Asks: 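Shown below is the structure under consideration.
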Number of protein chains: 2
Amino acid sequence: MQRRATVYDVAAQAGVSIATVSFVFTQPERVKQTTRDAVLAAAGALGYVPSASARGLAKGRTGAIGLYSYDYLLEPSASDVPSSSSPVAFADAHPRLFPLYADEVQRGVQLECRQRGYAVMLGAGRTPGHMPSVIDVAGRVDGLIAFAGSAPPDAIIQVSKRIPVVELGGESRGEGIRTVFVDNRTGMRLLTEHLVRDHGLRRIVYLGGLGTPEFVARYEGFREALSEAGLPVPAPVPSHPGDDPTTIAAVTHYVGTRTLPDVFVCSTDQEALVAIDALTAAGLDVPADVAVTGFDGILAGRLSHPYLTTVRQPMEEIGRTAVRILIDAMDQPGEGATEHDPLSSAFVLGESCGCRPAQHHVG
Amino acid sequence: MQRRATVYDVAAQAGVSIATVSFVFTQPERVKQTTRDAVLAAAGALGYVPSASARGLAKGRTGAIGLYSYDYLLEPSASDVPSSSSPVAFADAHPRLFPLYADEVQRGVQLECRQRGYAVMLGAGRTPGHMPSVIDVAGRVDGLIAFAGSAPPDAIIQVSKRIPVVELGGESRGEGIRTVFVDNRTGMRLLTEHLVRDHGLRRIVYLGGLGTPEFVARYEGFREALSEAGLPVPAPVPSHPGDDPTTIAAVTHYVGTRTLPDVFVCSTDQEALVAIDALTAAGLDVPADVAVTGFDGILAGRLSHPYLTTVRQPMEEIGRTAVRILIDAMDQPGEGATEHDPLSSAFVLGESCGCRPAQHHVG
DNA sequence: GTGCCGTTGTTATGCGCTTAGATTCCGACC
DNA sequence: GGTCGGAATCTAAGCGCATAACAACGGCAC
């Protein structure tokens, strides 16, 4: 692996100028057939690979889109990693941990980018030095998609001064920060209505935070359903997806007292699955003793026993939509954020609410 | 969004030279505290985001690692996309299509890269122009991981002249092309032995290709087990993961004739799941009428009915190992490929081989 | 007052590519 | 034979940053 071949090397080898070499790769029709062949032959012989850095610098665009997501979704805690020594163990399978919401959204981003000819850049955490990681990613791309809360708000604003940004789960803040709208409210309202009306549940605990507009909308749907049913609306019990200890503590607090509710309505599937684990570990039966519901519709919910009642978000579509919005914004730098129809979520009946096993769409 | 701020703008604003601005971000200790603060303040005010293109060009390294994978794994065929109008439908959930082998490996790559401070670049297909897509990705990164067969072999060789390459499922070709070794043979041998010894199956069809060394090793394990049992070894019936029509045709060819085998041993889970579908559609019961086994251990196998008997590969670990090998190679350009201990695969007992439902590790 | 040294900044150059504009080539046509 | 015009190619000027080499400055011992 000697020094990397450059346009100069190819040009010399082919007996043309560097401009011609460049044209062969960017505007082939501008170059005569015979010349083109000579250049391509030289390029092949030298193992020439154009430098995207140089190209990006010269053109002012990189042709890549960045995706910045949560840290905790990526690094499983030590306790989740099974010992790989056991021959029966599922080596590195974390059905509870993968794929989660962000993974499925990411997939949508990848698909759409591939279709549109953009490369996808995923951020690396813990950047050495003083530069926050999101800034580092932003420097490499023509547009950035970021999950709300995954990066400091002021960093996002700083980035948005340079390139268009789509923040998932955030609110449209103008200033070049767009968002993808998903109707979380209706899904959670339907789910809550089901619990109240069809199961007659009354003592309800809402588990989850109000950290982003999405989470607020979920609680809002919950509140609506209870209000319309003439029931009191409990304040949310703080919990955070990925922060298992807090979730477990919040749940077990109710165990063994007179205060065990009829149902834990969780703001995410992740929290719901952890809650089910904690309740089961405490000797309770879900849903016989207490029901649990989630939100997101991740695959792990379908693998769980009981099968999780939840609200499914169109995760892949969220990712695809984000890319479309972003590319639109990149193409028309001046334009303000164009609104789009909110994507809809779907109430998914499982068993964890107390319904009987049914013909679930498995496989 | 006016013109993007550069070092020059920041320098002017802070009243220093561009070198000083650069030092603040790359060698902070070389700059006096007060100057540093002034520069950072100016950078923040201007929304300065360093250009990775310029940085990469100047330094000769980009700080990113590329991952190039199959196309067919990413774009589901139209028939797999459920109509999103139905409120009950799982919107965009493709449990049969996601996550597959490549997705889980990708996850390992992401995790390891994040840990080591590298950004991950995913290739976009259909690059406009004459340059194969993999070359485009290669130009953006310091090292490339590619699935064997995902790109033209000569393109891989060309890339390897410029940057280190790890090819997954390929063979170590020297020339800067490394690979990750996984013991596929033993897993397939154990699985085949189980079919022959514990289920007494004799009429066996092996479904799959021999396109890469990995697939050869699988067939080899299959062959070994049969030979040791004194049974004849059938030639593989060609099939390719992702090419469903071929797989379906290969399977249905045996249906309705006297030639229906006892078991279809498939070279991947994907093919096995498709085979099960085809057999079920033909009115047969799996495993009562005919058994089916897979290879890989993807999540979809656990969601299927019957639960798939397979061999699980340490997919996440494969990704992580690939990154480690790659970074080693990038750090010591001269060194040859350092061998590593092969990763082991694990035989996973499911129901599709004819075993009774057991306490599977679900959830 | 002079010479030395460590600290803090600056100047100047080049990384490999794109592209506007200049130049050359070549055949058609007067 | 000379001229013109388009096609083909080249020349040259950056793109934004890192960094080697160098300059300015102050403190300090003599």
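Chain A is the first sequence line, chain B the second, and so forth, proteins listed ahead of strands; every chain is numbered from 1. What you see is a predicted model, and the numbers here were worked out from it, not measured in a lab. Values reported hereafter were calculated over all heavy atoms of this structure, with side chains retained and with hydrogens, waters and symmetry mates removed.
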Asks: Write down the protein N/O and nucleotide N/O pairs, taken from nucleotides 6-9 of chain D, whose separation is under 3.5 Å; answer none if there are no such pairs.
Replies:
from   : atom 1 : to       : atom 2 : distance (Å)
dT9(D) : OP1    : Thr35(A) : OG1    : 2.4
dT9(D) : OP2    : Lys32(A) : N      : 3.0
dT9(D) : O4     : Arg30(A) : NH2    : 2.9

Asks: Can you measure Arg55(A) atom CZ to dT19(C) atom C1' for me and round it to whole angstrom units?
Replies: 13 Å
Asks: With sequence neighbours excluded, what pairs up with Thr62(B) under the side chain to side chain donor-acceptor pair (under 3.5 Å) test?
Replies: Asp142(B)
Asks: Under 4.0 Å between any heavy atoms, over every strand shown, what does Ser53(B) touch: base, sugar-phosphate, or nothing? Just pick one.
Replies: nothing
Asks: Treating Arg30(A) as the side-chain partner and Phe23(A) as the backbone partner, does any N or O pair qualify as donor plus acceptor under 3.5 Å?
Replies: no
Asks: Taking only the side-chain heavy atoms of Ser22(A) (C-beta and beyond), determine which of dT19(C), dT19(D), dG16(C) contains the nearest atom.
Replies: dT19(C)
Asks: With sequence neighbours left out, write down each residue that passes ring pair (Phe, Tyr, Trp, His ring centres under 6.0 Å) with Phe181(A), or none if nothing qualifies.
Replies: His340(A)
Asks: How many whole angstroms separate atom CZ of Arg61(A) from atom C1' of dT19(C)?
Replies: 15 Å
Asks: Can you check the Leu57(B) CG to dG16(C) P distance for me, whole Å?
Replies: 7 Å
Asks: So do Ile65(A) and Val141(A) actually touch side chain to side chain, heavy atoms under 4.5 Å?
Replies: no
Asks: Choose from dG16(C), dC17(D), dT18(C) the nucleotide whose nearest atom is closest to any side-chain atom of Ile18(A).
Replies: dT18(C)
Asks: Atom CZ of Arg140(B) to atom P of dG16(C): distance rounded to whole Å?
Replies: 18 Å
Asks: Specify whether Tyr101(B) and Phe147(B) have parallel, tilted or perpendicular ring planes, treating 30° as the upper limit for parallel and 60° as the lower limit for perpendicular.
Replies: perpendicular
Asks: Please determine, for the side chain of Ala19(B), which listed nucleotide (dA18(D), dT10(C), dC17(C)) has the closest atom?
Replies: dT10(C)
Asks: I'd like to know if the side chain of Gln158(B) and the backbone of Val49(A) have a donor-acceptor N/O pair within less than 3.5 Å.
Replies: no
Asks: Send over the distance from Asp9(A) CG to dC17(C) C1', rounded to a whole Å.
Replies: 13 Å
Asks: Specify the separation, in whole Å, of atom CD of Gln33(B) and atom P of dG9(C).
Replies: 11 Å
Asks: Taking atom types as they are modelled, is there a donor-acceptor pair under 3.5 Å from the base of dC17(D) to the side chain of Tyr8(B)?
Replies: yes
Asks: Just the rounded figure in Å: distance from P of dG16(D) to CG of Leu46(B).
Replies: 14 Å
Asks: Among Arg114(A), Gln106(A), Glu112(A), find the one that has a side-chain hydrogen bond (donor to acceptor under 3.5 Å, both in side chains) with Gln110(A).
Replies: Gln106(A)
Asks: With each end axis built from five pairs of C1' atoms, what bend angle do you get for the helix from dG1(C)-dC30(D) to dC30(C)-dG1(D)? Round to 10°.
Replies: 50°
Asks: Applying salt bridge (Lys or Arg N to Asp or Glu O under 4.0 Å) as the test, list every pair that has at least one member in residues 11-29 of chain A; sequence neighbours left out.
Replies: none
Asks: Which pairs of donor and acceptor atoms, one on a side chain in residues 39-47 of chain B, lie under 3.5 Å apart (sequence neighbours left out)?
Replies:
none

Asks: Given atom NZ of Lys59(A) and atom C1' of dG14(D), what is their separation to the nearest angstrom?
Replies: 16 Å
